[in-house]
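To keep things clear, I will list the structure first and then write my remarks on it.
Letters A, B, ... mirror the listed sequences (proteins, then strands); counts begin at 1. Below, each value reflects all heavy atoms present in this structure, side chains not excepted, and no hydrogens, waters or symmetry copies. Keep in mind the model is a prediction, meaning the values are calculated, not measured.
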There are 2 protein chains.
Amino acid sequence: MATEQRPPSRIERRERTQHRILAAARRQFAESGYDRTTIRSIATEAETDPGLIMRYFGSKEALFNEVATIASDEPLGETPEQVAESLLDSLAGKLATDSAGTLAMLRSMLTRPEAAEEVRAAISEQQRLAADALDGTDAGLRIGLIGAISLGTIIGRELLGLDGVAEAEPAELINVLRPAVHALTYGEPMPPPTAQPQDP
Amino acid sequence: MATEQRPPSRIERRERTQHRILAAARRQFAESGYDRTTIRSIATEAETDPGLIMRYFGSKEALFNEVATIASDEPLGETPEQVAESLLDSLAGKLATDSAGTLAMLRSMLTRPEAAEEVRAAISEQQRLAADALDGTDAGLRIGLIGAISLGTIIGRELLGLDGVAEAEPAELINVLRPAVHALTYGEPMPPPTAQPQDP
DNA sequence: CATTTCAGTCTACAACCGTTGACTGAAATA
DNA sequence: TATTTCAGTCAACGGTTGTAGACTGAAATG
């Protein structure tokens, strides 16, 4: 009943090792961020050698770029309601899949200018796609704020462990957030309730 | 017309030097985060010596704790509307004052577990203060999400430079955000518009 | 004036980092 | 089988970091 165990070929060995390196890198970059993750610690977890990582990926930076990704999203619909639902869908997707690559990018975003620029560009692209469906001069601000909300929600849940937010079911979280997001896509700006009269 | 220039006393010199160190530390921790800021670079900017920083503050960590702060907020009112306005006020305050200490804490939050815990605890305290004014089992989730929104807004504006969000006037930003925050304090969860019927 | 205190300077250490290059041995190739 | 290729190992490099400690000279103190 024993299947014949051929020794793995050279390309098989290489593929397996590369895969172990990538998995360990993804995990550690997501858990500790770019600076606190070392080539040596990745090599240890992947049960290989630091020098081999350099040979396969060139540099720590290149390895990071290989595993840290920020998903850019799909077309967003044409009415404000569709835009809101589309953005909520996008957030729900990011909450459901435990993409260590995304977490790696977000975790390193505040200390690595290149990562920050990548996240900023991704949200900026989202704004560009959605701004047409919204009217008003502040459409960019509104979509940008929805991006900020998504960012804060993911960070608060996955990286900070905020009470309530971390334990909530994704579907419930989205349902609670839905009115707020819809308010941002088709609502009017609301002055403070006790506001003094202002310039016309 | 020349005011007599007495050489500064020893305690004056010490106070001035300490102040320069603290200012440089605040600025660099806010700009580059904990890991990428070095004692030496702080000393250079403060025109002093790394060894002196150690003698005055004990360690890099202690210096960070001296300048990185996260403001905890005031009582929040008793009705959902008051809670919403109070939280918006709190966000407006953080957007108005360019508190390098807060930015230092936020910038380091995703890579320093101690900083993350401090931010988490501050938002958690906010939740505790506000949860009484809100009814429903998901009150904690709602307030937590408002905390996440504040977090995402500050990060998006001050640290990421999101289009629209970064250039907006604080007052306009708050006004646009207001309906969303109010929706979170007194709104009902909203199911998706195309939802199938669910269990009662 | 003699002594003490202490802000500020300088040098060095031990640890860690990313990265390099030489080496080994087995698999692939001819 | 003889030769080449290449995955994997090992030791070392130059640089940077936080930190410690000895030293200097002027201000404070008696």
Side-chain angles (χ1 to χ4, degrees), chain A residues 4-26 28-29 31-68 104 108 111-115, chain B residues 4-26 28-29 31-68 104 108 111-115:
Chain A
E4 193 69 20
Q5 283 288 11
R6 262 194 317 107
S9 78
R10 204 138 74 171
I11 63 166
E12 275 177 337
R13 288 179 60 85
R14 162 143 194 175
E15 277 172 1
R16 291 186 195 175
T17 304
Q18 276 200 1
H19 184 267
R20 287 202 313 277
I21 292 171
L22 288 172
R26 227 181 323 260
Q28 291 197 27
F29 281 135
E31 181 176 305
S32 312
Y34 183 85
D35 289 321
R36 289 172 120 94
T37 297
T38 69
I39 296 278
R40 289 166 212 262
S41 66
I42 294 174
T44 300
E45 179 175 331
E47 292 179 313
T48 182
D49 189 87
L52 206 59
I53 299 184
M54 298 303 298
R55 235 151 86 63
Y56 287 167
F57 299 95
S59 70
K60 180 184 179 183
E61 171 128 1
L63 177 60
F64 179 82
N65 290 335
E66 202 79 23
V67 299
S108 308
T111 41
R112 286 196 84 237
E114 305 88 351
Chain B
E4 195 67 21
Q5 281 290 11
R6 263 194 316 107
S9 78
R10 202 138 75 171
I11 62 168
E12 275 175 338
R13 288 178 60 85
R14 163 142 193 176
E15 278 172 0
R16 290 185 195 175
T17 304
Q18 275 201 1
H19 183 267
R20 286 203 314 275
I21 292 171
L22 288 171
R26 227 182 323 260
Q28 292 198 26
F29 281 135
E31 181 176 306
S32 312
Y34 182 85
D35 289 321
R36 301 205 159 190
T37 298
T38 69
I39 295 278
R40 288 167 213 262
S41 66
I42 294 175
T44 299
E45 179 174 331
E47 293 181 311
T48 180
D49 190 86
L52 204 60
I53 298 183
M54 298 303 298
R55 237 150 84 60
Y56 287 167
F57 298 96
S59 71
K60 181 185 179 181
E61 171 127 0
L63 176 60
F64 179 82
N65 290 336
E66 201 80 22
V67 300
S108 309
T111 42
R112 288 197 81 236
E114 306 88 351

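- Rounding to whole angstrom units, CZ of residue A:Arg14 and P of D:dC6 are separated by 9 Å.
- One atom, CD of A:Gln18, and another, C1' of D:dC6, lie 13 Å apart when rounded to the nearest Å.
- Counting non-hydrogen atoms under 4.0 angstrom, B:Ser41 reaches nothing in the nucleic acid.
- If you take CG of A:Asp35 and P of D:dG18, they are 12 Å apart, rounded to a whole angstrom.
- Relative to the side chain of A:Ile39, the nucleotides C:dG18, D:dT19, D:dG8 differ in distance, and C:dG18 lies closest.
- Minimum interatomic distance between B:Thr111 and A:Ser32 (heavy atoms only, all atoms of both residues): CG2-O, 3.9 Å.
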* Structure fact -> 5' to 3', nucleotides 21-30 of chain C under a 4.0 Å protein heavy-atom cut-off (B base, S sugar-phosphate only, - none) gives -----BBS--
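- The two atoms that bring B:Arg36 and A:Pro113 nearest to each other are NH1-CD, 4.0 Å, heavy atoms only.
- Per the geometry, CZ belonging to B:Phe57 stands 12 Å off P belonging to C:dA7, to the nearest Å.
- Figure legend: cation-pi geometry between A:Lys60 and A:Tyr34, with NZ or CZ positioned under 6.0 Å from the six-membered ring centre and within 45° of its axis.
- A:Leu63 is listed as a side-chain neighbour of A:Leu22, based on a closest heavy-atom distance under 4.5 Å.
- Listed for the A:Glu66 side chain is no donor-acceptor partner under 3.5 Å among the backbone atoms of A:Phe57.
- Contacts of residues 19-26 of chain B with DNA chain D (heavy atom under 4.0 Å): none.
- For A:Thr48 and A:Arg40, each mapped to the nucleotide of DNA chain D holding its nearest heavy atom, the one lying further toward the 5' end belongs to A:Thr48.
- A:Gln18 and A:Tyr56 get closest at one heavy-atom pair: CG-CD1, 3.7 Å.
- Salt bridge present: B:Arg112 and B:Glu61 bring a charged side-chain N and a carboxylate O closer than 4.0 Å.
- Here A:Thr17 contributes atom OG1 and A:Leu52 contributes atom CG; the two are 6.5 Å apart, rounded to the nearest 0.5 Å.
- A pairwise comparison of heavy atoms in B:Ala104 and B:Arg26 identifies CB-O, 4.4 Å as the closest pair.
- Minimum interatomic distance between A:Ile39 and A:Ile53 (heavy atoms only, all atoms of both residues): O-CD1, 3.8 Å.
- Between B:Thr38 and D:dT16, a side-chain N or O to OP1/OP2 separation shorter than 4.0 Å is absent.
- Two end axes, each from the C1' atoms of five base pairs, can be drawn for the helix from C:dC1-D:dG30 to C:dA30-D:dT1; they diverge by 0°, to 10 degrees.
- Distance B:Tyr56 OH to D:dA20 P: 16 Å, rounded to the nearest Å.
- Protein atom CE of B:Met54 is 11 Å distant from nucleotide atom C1' of D:dT17, rounded to whole Å.
- Separating the CD atom of B:Glu12 from the C1' atom of D:dA28 is a distance of 14 Å, rounded to the nearest angstrom.
- Remark: A:Glu15 CD to A:Glu12 CD distance equals 7.5 Å, nearest 0.5 Å.
- Put simply, CD on B:Glu15 is 11 Å from P on C:dG8, counting in whole angstrom units.
- Residues A:Gln28 and A:Ser41 share a closest heavy-atom pair of OE1-OG, 2.7 Å.
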